[in-house]
Amino acid sequence: MSSPVDPVRVWTALSLIPEGKVVTYGQLAELSGSPRSARVVGNILKQLPAGSHLPWHRVINSKGHISFPQGSSQYAKQRTRLEAEGVALVAGKINLSLYRWQGE
DNA sequence: CTGTTGACCAAAT
DNA sequence: TATTTGGCCAACA
């Protein structure tokens, strides 16, 4: 029994992530009601309009890394936004046990 | 229809 | 500890 991924639920869950906290793609998938759809969530984020106010930068992968190639403008953007809200990267990596959002 | 791809993940090697 | 492998789901050719 598989439920399709509803982009609206992803956007909603995303909007609830507090400043200074992060979630993984897999976690956002389960918060959206589709526990096995981490990759699909990534695709949905990719398709967000440029002007979106949603905190897409608070989503990282399970290793604590930003899922963009280092040196890309997107990587720089995400990193800058994270650090601006107090999320530190040590050796390019975020400490999940410290910054991961524990849900509501 | 089959095969490939991807802002992913966890287990096995 | 580092890589590879297999699984996942949706979109696309």
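Each chain gets a letter, A, B and so on, in the order its sequence line appears, and its residues count up from 1.
By the criterion of side-chain heavy atoms lying less than 4.5 angstrom apart, applied directly or through intervening Ile, Leu, Val, Met, Phe, Trp or Tyr residues, A:V90 is not grouped with A:I60; the two fall into different hydrophobic clusters.
A heavy-atom distance below 4.0 Å to DNA chain C is reached by these residues of residues 36-70 of chain A, ordered by number: A:R36, A:S37, A:R39, A:V40.
A:Q74 places no side-chain N or O within 3.5 Å of a backbone atom of A:F68 that could act as its donor or acceptor partner. With hydrogens and angles disregarded, a donor-acceptor distance shorter than 3.5 Å links the side chain of A:S15 to the backbone of A:T12. Within the 3.5 Å criterion, the main-chain N or O of A:S67 finds no donor-acceptor partner in the side chain of A:Q78. Side-chain atoms of A:T80 come within 3.5 Å of backbone atoms of A:A76 as a donor-acceptor pair (strictly under, hydrogens ignored).
Atom P of B:dC8 sits at a distance of 23 Å from the matching atom of C:dT1, rounded to the whole Å. Using P as the reference atom, C:dG6 and B:dA7 are 22 Å apart when rounded to the nearest Å.
Across all strands, A:S34 comes closer than 4.0 Å to no nucleic acid atom at all (heavy-atom distances).
Comment: A:E85 engages A:R58 in a salt bridge, judged by a side-chain N to carboxylate O separation of less than 4.0 angstrom.
On the nucleic acid side, DNA chain B has its first and last nucleotide under 4.0 Å of a heavy atom of chain A at B:dG6 to B:dA10, going 5' to 3'.
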key: Verdict with reasoning, A:V23 to A:R100, per side chain to side chain contact (heavy atoms under 4.5 Å, CB included)   = CA-CA 6 Å; A:V23 296; A:R100 166 123 91 172; 5.7 Å; no
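The distance from atom CZ of A:R9 to atom P of C:dA10 is 14 Å, rounded to the nearest whole Å.
For the residue pair A:G33 and A:S3, the shortest heavy atom distance occurs at O-OG, 3.7 Å.
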